[in-house]
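Report on one structure; see the data block that follows.
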Amino acid sequence: MSEDKKESLNFIEQIVEEDIKNGKHNGRVLTRFPPEPNGYLHIGHCKAISISFGIAQKYNGATNLRFDDTNPTTEDTEYVESIKKDIQWLGYQWQGEPLYASDYFGKLYGFAVKLIEKGLAYVDDSTPEEIAAMKGTPSIPGTNSTYKSRSVAENLQLFEDMKNGVYADGSKVLRANVDMTSPNMLMRDPIIYRIKKESHHRTGDTWCIYPMYDFAHGQSDSIEEITHSLCSLEFIHHRPLYEWFIDKLEIFPSKQYEFARMNVEYMITSKRKLLKLVQDKYVTGWDDPRMPTVSGMRRKGYPPMAIRNFCDKAGVAKRENTIEISLLESCVREELNKTALRTMVVLDPVKVVITNYPEGQSEKLQAENNPEDATAGHREITFGREIYIEREDFMENAPPKYFRMTPGSDVRLKHAYILHCTGVDKDENGEVSTIYATYYSNSRSGEDVSGIKPKGTLHWVSATESKPCEVRMYDRLFTVADPTGDDDVDFLTYYNQNSLTVIPTALMESNQDTPKVGIQYQFLRHGYFCVDVDSNEDKPIFNLTVGLKDSFAKEMKK
RNA sequence: UGACCCAUGGUGUAAUGGUAACACUCCGGUUUUUGGUACCGUCAUUCUAGGUUCGAGUCCUAGUGGGUCAACCA
């Protein structure tokens, strides 16, 4: 396992290694992943998960899963379950039981009291509008609230009354006493507790005051003795506050580090916009294979390891970035190439009659299940006088570099014989209805002594031994790489009307077992497909995971 | 009219003051009974201008460009 080349570290790994070297926290590494249970995990979360869990794993540490559930109005247990499932599916395991910021409501309340006692927090009766007005703007300093000068005793009493439900929602807040003139807006006496007489998904009606993010997150980290609290760049302005609370409260000094979140072409991560897609039926649900959600990618057939490798290869840094979707697809293909079972499926069938093959006769042929994996074994497929091939694999008047079937030329049938195309029937619309060919009986796969070397090889299915299936072809959800890049254009105008094409009448080999949900196939010469949850015994349904690279298509575009 | 973060090929990420690396894409080629896979090759004087140094992508200053911050959201 030793590398002769020194491994390069990202900036977080450098910090961690430096800390370990210096014996900080006795070399202990504890990270955390802190989702708010108010939505489904998506590709952006995968990145955050891969960083926080990955760092811990690399340095023999651990990661806490902590639900940041400080806002009862938006949060729900339903999301808790899906988040847990998605993390595990990705292949990560948190330390111990899942944790909740709400577990710390009691301690957080105590912290607030301590701050008040130190004269570092006060109850403010101002309206939201007044508080906003007093905040100033980034370039204009804020002004002090008249309530800022209340006595410690009065604040203590008022805060306790807030907790006891004496006051109406929104009538009072507890604010940290920091600095209204700070150039950092977050330091201008941030609100740390608000009154919300609402039931919490875990604490029920125990509390009617709830801490704000800034007063919950850092302290929760500290309570759990998190050593490295990794988050995205937009929290960078929160760091001084994070440290201020820890410092004033004199509690465990967790440290926050920020990295740039990952953007991916053709994918959006805005909760609001994702919800819009679902509600307005642009997609069939949160797990629609076109969605950038973990459940969507899972249903599309992306292997968890591919997603992990992708996050890894995308790297970690502090600058804005947009990763090309081709990197993700490359990771998916890399994974599936090793594992997917090969099979032949004809999406748009046209019949071929092999005129010199005896009527009523058939034979069994051996086909390898995966050329990349000798242990995957073989299967039998049936060959006979009539077969189906892909309509696009035939051209009556072919260009020079067309290696497929065309009258007068030879082409190989995968796992079978070489065919010589002799003619074609057309219907009244001029559409090819039947192709005629002869076969070279001495060209059987594996024992070919014909000496013929066709340039092309086609996939096919037997006319008698194939069965119909539905195939769902997916394309990018949007027509442009960055659908949310322009504030003046609704991202839905870039919705790709052709993002889903259903092929109800494809033909698959009938020799194999009934496809089970979760099994990954490679449809030869097409791409990787997985069995969809809608699939059943009578009607197998496949989802396109990702197409094979297609250098022929590229050639044709020129 | 303030503060903070950032700047390396088409896209990302490295190079930790000693002469630009890796991956993906692209283009070209070899192998191939998947136009797949595998393999090989081409593609950058590191935003600009000064400065420090024997030596700067790396350190300093200024500029330019991009991003972020004013929810009783997280």
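Just so we're on the same page: letters track the sequence lines, and every chain starts at 1. Heavy-atom basis, side chains included; hydrogens, waters and symmetry copies ignored. As the structure is a prediction and not an experimental result, all values here were calculated from the model.
- The residue A:T70 sits close only to the backbone: its heavy atoms come under 4.0 Å of sugar-phosphate atoms, none of a base.
- Counting only distance, with no hydrogens or angles, the side chain of A:N184 and the backbone of A:H237 share a donor-acceptor pair below 3.5 Å.
- Rounded to whole Å, atom P of B:U34 lies 15 Å from atom CH2 of A:W460.
- For A:L524, counting side-chain heavy atoms from C-beta on, the closest listed nucleotide (B:A3, B:U34, B:C27) is B:U34.
- Looking at heavy-atom distances under 4.0 Å, A:T322 makes contact with sugar-phosphate atoms alone, never a base.
- The side chain of A:S330 places no N or O atom within less than 4.0 Å of a non-bridging phosphate oxygen (OP1 or OP2) of B:A23.
- The existence of a salt bridge linking A:E224 and A:R32 is excluded, since no basic side-chain nitrogen approaches an acidic carboxylate oxygen closer than 4.0 Å.
- The nucleotide B:C24 finds its pairing partner in B:G10, both defining distances of the Watson-Crick or G-U wobble pair being shorter than 3.5 Å.
- Comparing the C1' positions of B:C22 and B:G9 gives a spacing of 13 Å, expressed to the nearest Å.
- Remark: C1' of B:U37 and CZ of A:F552 are 19 Å apart, rounded to the nearest angstrom.
- Nucleic acid contact class of A:Y402 (heavy atoms, under 4.0 Å, all strands): base.
- With distances taken from any side-chain atom of A:L548 to the nucleotides B:C73, B:C72, B:G36, the minimum falls on B:G36.
- Of the P atoms belonging to B:G66 and B:C26, the separation is 30 Å, rounded to the nearest Å.
- Base pairing of B:U19: no nucleotide in any strand meets the Watson-Crick or G-U wobble criterion (both distances under 3.5 Å).
- In terms of polar N and O atoms assigned as donor or acceptor, the side chain of A:H237 never comes within less than 3.5 Å of the base of B:A70 in a complementary pairing.
- The side chain of A:R525 lies closest to B:G35 when the candidates are B:G35, B:A70, B:A23.
- Spacing of C1' atoms, B:A23 relative to B:A14, comes out at 11 Å, to the nearest Å.
- Contact annotation for A:R404: base contact, defined as any heavy-atom pair under 4.0 Å involving a base atom.
- B:G2 is paired with B:C69 under the criterion used here, namely a Watson-Crick or G-U wobble arrangement in which both key atom distances are under 3.5 Å.
- The nucleotide whose nearest atom lies closest to any side-chain atom of A:K549 is, among B:C27, B:U34, B:U37, B:U37.
- Looking at the side chain of A:S326, the nearest of the listed nucleotides B:G2, B:U16, B:C24 is B:C24.
- For A:S182 (side chain) and A:V178 (main-chain N/O), no donor-acceptor pair under 3.5 Å exists by modelled atom type.
- Of the charged side-chain nitrogens involved, none lies within less than 4.0 Å of a carboxylate oxygen, so that A:D410 and A:K455 do not count as a salt-bridged pair.
- No engagement by A:H459 is indicated, since no non-hydrogen atom pair under 4.0 Å with the nucleic acid exists.
- The base of B:U33 is paired with the side chain of A:R412 by a donor and an acceptor separated by under 3.5 Å.
- Ion pairing between a basic and an acidic side chain is recognised when a charged N comes within 4.0 Å of a carboxylate O; A:E18 and A:K21 show such pairing.
- A:S126 comes within 4.0 angstrom of a nucleotide base, judged by non-hydrogen atoms across all strands.
- For A:S139, the listed nucleotide lying nearest its side chain is B:U1; candidates were B:U1, B:C73, B:U33.
- Nucleotides B:U53 and B:G67 are separated by 37 Å at their P atoms, to the nearest Å.
- At the heavy-atom level, A:P34 lies nowhere under 4.0 Å from the strands shown.
- Using a 4.0 Å heavy-atom distance criterion, A:G446 is classed as a base contact.
- In this structure, CD of A:Q14 is placed 8 Å from P of B:A14, rounded to the nearest angstrom.
- Classification of A:K313 and A:E334 as a salt-bridged pair holds, one side-chain N sitting under 4.0 Å from a carboxylate O.
- Comparing B:C73 with B:G17, their P atoms sit 47 Å apart, to the nearest whole Å.
- Using N1 to N3 plus N6-O4 or O6-N4 for Watson-Crick, or N1-O2 and O6-N3 for G-U wobble, each under 3.5 Å, B:U61 pairs with B:A49.
- At B:C72, none of the side-chain N or O atoms of A:K135 fall inside 4.0 Å of OP1 or OP2 (strictly under the cut-off).
- Between the side chain of A:E372 and the base of B:G36, a donor-acceptor pair under 3.5 Å is found.
- The distance between atom CE of A:M185 and atom P of B:U1, rounded to the nearest whole Å, is 14 Å.
- Partner of A:F105 under the ring pair (Phe, Tyr, Trp, His ring centres under 6.0 Å) criterion, out of A:F111, A:Y210, A:Y193: A:Y210 alone.
- Under 4.0 angstrom from either OP1 or OP2 of B:C73 there lies at least one side-chain N or O belonging to A:R194.
- Residue A:D550 is in sugar-phosphate contact alone, with no base atom involved, counting any heavy-atom pair closer than 4.0 Å across all strands shown.
- Salt bridge annotation for A:K148-A:D189: present, with a cationic side-chain nitrogen under 4.0 angstrom from a carboxylate oxygen.
- Nucleic acid contact class of A:Y210 (heavy atoms, under 4.0 Å, all strands): none.
- Looking at heavy-atom distances under 4.0 Å, A:R444 makes contact with a base.
- In summary, the aromatic rings of A:Y439 and A:Y417 are positioned with their centroids under 6.0 Å apart.
- A side-chain N or O of A:H459 and one of A:E390 form a donor-acceptor pair less than 3.5 Å apart.
- You won't find any donor-acceptor pair under 3.5 Å spanning the side chain of A:R333 and the base of B:G36, going by distance alone.
- Comparing the P positions of B:G36 and B:U31 gives an interatomic distance of 14 Å, to the nearest angstrom.
- Taking atom C1' in both B:A56 and B:U42, one finds a spacing of 29 Å when rounded to whole Å.
- Contact annotation for A:K401: base contact, defined as any heavy-atom pair under 4.0 Å involving a base atom.
- One can place CG of A:N263 at 11 Å from P of B:U13, the figure rounded to the nearest angstrom.
- Counting non-hydrogen atoms under 4.0 angstrom, A:N10 reaches the backbone sugars and phosphates but no base.
- Scanning atom types as modelled, one donor and one acceptor separated by under 3.5 angstrom connect the side chain of A:R342 and the base of B:U34.
- Taking 3.5 Å as the limit, the base of B:G10 and the side chain of A:E324 contain a donor-acceptor pair of atoms between them.
- Straight-line distance between the C1' atoms of B:A21 and B:U32: roughly 31 Å, to the nearest whole Å.
- Closest to the side chain of A:I323, from the set B:C4, B:A23, B:G12, is B:G12.
- Among the heavy atoms of the strands lying under 4.0 Å from A:H238 is at least one base atom, whether or not backbone atoms are also near.
- Along RNA chain B, the nucleotide nearest to A:A317 and the one nearest to A:T137 differ in position, and the one closer to the 5' end is contacted by A:A317.
- The residue among A:I140 and A:K318 whose nearest nucleotide of RNA chain B is located toward the 5' end is A:I140.
- Rounded to whole angstrom, the span from the NZ atom of A:K453 across to the P atom of B:U31 amounts to 13 Å.
- Rounded to a whole Å, the CD atom of A:E75 is 9 Å from the C1' atom of B:C73.
- The base of B:U11 does not come close enough to the side chain of A:E265 for any donor and acceptor atom to sit less than 3.5 Å apart.
- In this structure, A:R239 places its CZ atom 13 Å from C1' of B:U68, rounding to the nearest Å.
- Across B:U34, B:C27, B:A74, the shortest atom-to-atom separation from the side chain of A:Q522 is found for B:U34.
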